[in-house]
Amino acid sequence: MTSQLDYTLVVGLEIHVQLSTRSKLFCGCAVEFGASANSRVCPVCLGMPGVLPVMNRQAYEDSVLVASALNCKIAPFTKWDRKSYYYPDLPKNFQTTQYDLPLSYDGFIEIPIENAGPKRVRITRAHLEEDAGKNLHSSGPFSQVDLNRTGTPLLEIVTEPDLNAPAEVKALAMELQRIVRYLGVSEADMQKGHMRFEPNINLLIRKEGREYKTPITEVKNLNSFRALERSVAFETQRQLDAFCETGKTMVSGSKTTRGWDDGRQVTVLQREKEEAHDYRYFPEPDLLPVEMDAAWLKRIQSRLCELPLQKQTRFVHAYRLSPYDAGVLSADRATADFFEKTVGHGAEPKRVCNLLTQVGLKLANERDCGLVELGLTSRAVADLVLMVTRGEVSASGGNTLLEHMVTSGKRPEVLADELQLLQKSDSAELEIIVDKILQEQDKAVAEVRARGKKAKKAQGFLLGQVMQRTGGQANPQVVSELLAKKLS
Amino acid sequence: MPKELLNLGCKQLVDQISAGQTSSLSATEAVFTAIKARNGEIGAFLALFEAEALAQAQSVDERVAAGNAVGPLAGVPIAVKDNMCMTVGPTTCGSKILEHFHAPYDATVIEKLRAADAVIIGKTNLDEFAMGSSTENSGLKETVNPWDSTRVPGGSSGGSAAAVAGRLCYAALGSDTGGSIRQPASFCGVVGLKPTYGAVSRFGLVAYGSSLDQIGPMTRCVPDSALMMNVIAGHDPKDSTSVDETLAPTIDFLAGLDDPVEGLTIGIVPDLTAGAQPEVRDAVTAAIDLYQSLGAKVVEVALPHAEYAIATYYVIATAEASSNLARYDGVHYGHRTADPKDYTEVYSKSRAEGFGQEVKRRIMLGTYVLSSGYYDAYYLKALKVRNLIRADFDRAFEQCQCIVMPVAPSTAFKRREKTADPLQMYLADVYTISANLAGIPGLSIPCGRGSGQLPIGLQLLGPSFSEATLLRIARMYEHNTDWRMEPPGL
Ligand SMILES: [Zn+2]
């Protein structure tokens, strides 16, 4: 019965992106994933008595850069605040963050929507803060704490509740991943927890001419696109069911917190009511406010570049690629640049795209590296594509050649010769072979000439015979033309 | 000979050591002999580093003998308040919660003392986490006033003041959040300077009220404070609130120290001074008369918001303290309760066992004023009043180079006289607290003797970064008086 309800899903997203600065936000310790526990720490990030923070300017600039790419207003004056709560992974028992004066606010992001134009989602704010450490729960009567992550710069981005489908939530997350990678400010590696999501979800239900809002739930700490999408989908159904069962609606200012159980693919209640959590924010007296003047902002924004969605759209129009292909090529900035360079050498865009997406990216994937790290030059790839276009090698021969170019590092024309992939396109030479086949296969010839039901199949058979005779090196197009001429 | 040696000023001692007339080793040995004789009664020190100090003294002497250059505090035995982190010995803050805590790094001031070839002899007692005005809040030890052992040395830098007055060191570092250098200096008859906020690095000073704390010298005479300032002042990249060269260029505080300030105008605030005990009032009035006789002009200035200073201070300082002291939770270092049931008990029991009454009181006050629903009424309002107090001083300093007033309403009070009434103790901070709220420098210099021959202190307040001038004004007074006498019985 829930399926008959008319409803709209309403989701706002909080995203934490770990910035890939060399050092932490307030001390000189290296930001490094996978180091042995408590080996990337110093008195400052350990919260020892007497220590003081010093702001990492790079982290601030990177944050302003992302905020600019998200069309946010950049605050000319911001400060730091302490957010107090007791937890063993937080050595000072307060987090240094930005409370009422975030470094940016009021922006938007455009996300690709399948079979539709891009959708604009408003960004409420983006601010910088420090990450906490990790509690390691052992089986014994104690817990351990690893503080390597403590003080790592986190950019928190909060959207308005403008998302209306699980796929949209996922699209936004993925788009943001592409953006921060484009800007070179985060590896945004999900496996390493570089991006974490917290969707705030409820439904607007229309029933018998009235509108009802279901209670808001926040799903904590999701660290994969799949979990994000599925948890939102699960919550949609769960809230529909709960509404039908209880009729409960939203109470302003309250929300429940749920976690995602990946094994059972369900959300689980964590906290019923937002506990009277009082973080006792107050301005951090150990740090100076940050003042952003026009010159500094200009210097930061000079690092802005064409964003992935803009590039994707341009690729569709300028190179006549499908949105899918354009998306694959523009997912990574270096790959997109390589594609454009190759095309710049005069190679046909669609063929370059096919070669790179079908073979190049597959090879890169196998080697766990980027396309541009395969050792290919755009010049050599362009030459290969030009050979295919001129009919000197077949399309499949081109694919084979690209693989060998990666393994051997040789030029395509050298490899084509070595691997005997050059097509015979000399019609005089091919004509002799065609004539021979036509003499041998009089039954098929007759079927073609009869123009009956079997003609098409017989013509294909004759083409196959020629190809077989030439060891696959005949240019099939030239052969087809010869056959057509001789059998007309 | 040892007594004469112990009575030398820092500068004289450095000169004699550098000239080979005496040695750092004999000065250091003399200090430890004095400590052995009298520290049992005074209780100034929480830790002593005799072996390290003697080795350092010897190293200085060897370098002098070899003709090598030595630093501006070469061979001078110096004591440090035990809320500054040092890799030698524990850094306790006078608290049970840090009783066995060993800092893994040196505070910037400690690095600077070492670089200046000072001999650090030990760490001095204090009110727990520098919260108090009598050193009676120390969780580890009791310190008495060298002038009268039935009285408190003042606080929170009571150990440093008692050590300097009692000739147990040549100079000491203290810290001042609401008067913690100036008031014990006054009670013990020594010179104490709270520099401008940001003039001396706080890196390694265990925080009490971060926007108020400042490290400064406690010495037996004005030139020694100037010498200490030469060593410890200056920008520190590790402290974002320490001012850079453009605001506070490196200067020589000793240069021109003996030159009187020409055309000196002194500001007085009669309403304020009226609240002090008569003997204190008289001594301060006599000091003002002396300045007048030296050619100074005296003008009345108004500090209309001074009456709100104590309330403002106890909101801001406790708010910051409640956050600064949150880290002492038994999880990462310091005292941890035995057999906790769960991690919340690690917090609650470790803190209940480790902190003393006054610290708990201030943490609770600070937590309260930052709580949602109370923030605007208390903390935000206090920040606004703080700005008004700053503006009061800005206006006053348009008319004068310094403001003169008492340091404390009375001389050193009896031990346990005020412990039962914390509010009385807070109210006694009335003269010192405004300087911390405004961030300006304040200096305390002995200006007389009250009943029982107890020292009285004169306070000089100046605009931000006017330490050099303040020291010169204090030196004018010191030149023409002789209150720098040693306590009886030494
Ligand atoms: Zn660190």
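Throughout, a chain's letter reflects where its sequence line sits, starting with A, and its residues are numbered from 1. Below, all heavy atoms of this structure are taken into account, side chains as well, without hydrogens, waters or symmetry copies.
The closest side-chain donor-acceptor pair between Tyr313(B) and Thr318(B), if any, does not fall under 3.5 angstrom. Residues Asn38(A) and Asn148(A) have side chains that never bring a donor and an acceptor to within less than 3.5 angstrom of each other. A side-chain donor from one of Ser143(A) and His137(A) sits under 3.5 Å from a side-chain acceptor of the other.
Taking 4.0 Å as the cut-off between side-chain N and carboxylate O, Glu353(B) and Lys349(B) do not count as a salt-bridged pair.
The stretch residues 21-30 of chain A places none of its residues near chain B, where near means some heavy atom under 4.5 Å from a heavy atom of that chain. The stretch residues 363-375 of chain B places Thr367(B), Leu370(B), Ser371(B), Ser372(B), Tyr375(B) near chain A, each with some heavy atom under 4.5 Å from a heavy atom of that chain. Contacts between residues 237-245 of chain B and chain A, defined by a heavy-atom separation under 4.5 Å, are made by Pro237(B), Lys238(B), Asp239(B), Ser240(B), Thr241(B). Inspection of non-hydrogen atoms places Cys85(B), Leu98(B) of residues 79-98 of chain B under 4.5 Å from chain A.
In this structure, Tyr87(A) has its ring center closer than 6.0 angstrom to the ring center of Tyr343(B). Tyr86(A) and Tyr347(B) have their aromatic ring centers within a separation under 6.0 angstrom.
When each of Tyr333(B), Tyr379(B), Tyr328(B) is checked for heavy-atom pairs under 4.5 Å with chain A, Tyr333(B) comes out on top. Ranked by non-hydrogen atom pairs under 4.5 Å with chain A, the options Asp213(B), Asn324(B), Val346(B) are led by Asn324(B). Each of Gly334(B), Ser323(B), Pro104(B) has some count of heavy-atom pairs under 4.5 Å with chain A, and the biggest count is that of Ser323(B). Of all the listed residues (Ser322(B), Gly209(B), Ser211(B), Gly204(B)), the one sharing the greatest number of non-hydrogen pairs under 4.5 Å with chain A is Gly204(B).
Between Ile216(A) and Met250(A), some side-chain heavy-atom pair lies under the 4.5 Å cut-off. The shortest side-chain heavy-atom distance between Met55(A) and Tyr60(A) falls under the 4.5 Å cut-off. Counting heavy atoms from C-beta on, the side chains of Thr150(A) and Val41(A) never come closer than 4.5 Å. Residues Leu173(B) and Leu113(B) have side chains in contact (heavy-atom distance under 4.5 Å, counting atoms from C-beta outward).
Other residues, nucleotides and ligands contribute only 12 or fewer heavy atoms inside 6.0 Å of the NZ atom of Lys381(B). Shown here is Lys213(A), whose NZ atom has no more than 12 heavy atoms of other residues, nucleotides or ligands within 6.0 Å. Summarising the local packing, OH of Tyr378(B) is surrounded by 12 or fewer heavy atoms from other residues, nucleotides or ligands at distances under 6.0 Å.
Only the side chain of Phe94(A) has a heavy atom closer than 4.5 Å to any heavy atom of chain B. Within the 4.5 angstrom heavy-atom criterion, only side-chain atoms of Pro43(A), from C-beta onward, approach chain B. Only the side chain of Tyr197(B) comes within contact range of chain A, judged by heavy atoms closer than 4.5 Å.
Summarising the geometry, atom CG belonging to Asp106(B) is positioned 4.5 Å from atom CZ belonging to Arg114(B); distances are rounded to the nearest 0.5 Å. The line from CZ of Arg40(A) to CD of Glu32(A) is 4.0 Å long, rounded to the nearest 0.5 Å. Atom-to-atom distance recorded for Leu128(A):CG and Leu19(A):CG is 6.5 Å, nearest 0.5 angstrom.
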Quiz prompt | Full working for salt bridge (Lys or Arg N to Asp or Glu O under 4.0 Å) between Asp286(A) and Arg202(B) | solution = CA-CA 10 Å; Asp286(A) 289 331; Arg202(B) 292 186 295 119; 3.0 Å; yes
Quiz item: Checking side chain to side chain contact (heavy atoms under 4.5 Å, CB included) for the pair Glu14(A)/Ile157(A): CA distance, chi angles, key distance, verdict?
Solution: CA-CA 6 Å; Glu14(A) 267 179 55; Ile157(A) 300 164; over 6 Å; no
Quiz item: Would Glu291(A) and Trp296(A) count as a side chain to side chain donor-acceptor pair (under 3.5 Å) if you check the C-alpha gap in whole Å, the side-chain angles of each, and the deciding distance to 0.1 Å?
Solution: CA-CA 9 Å; Glu291(A) 286 177 63; Trp296(A) 190 20; over 6 Å; no
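For Lys83(A) and Tyr279(A), the positive end sits near the middle of the six-membered ring, less than 6.0 Å away and at most 45° from its axis.
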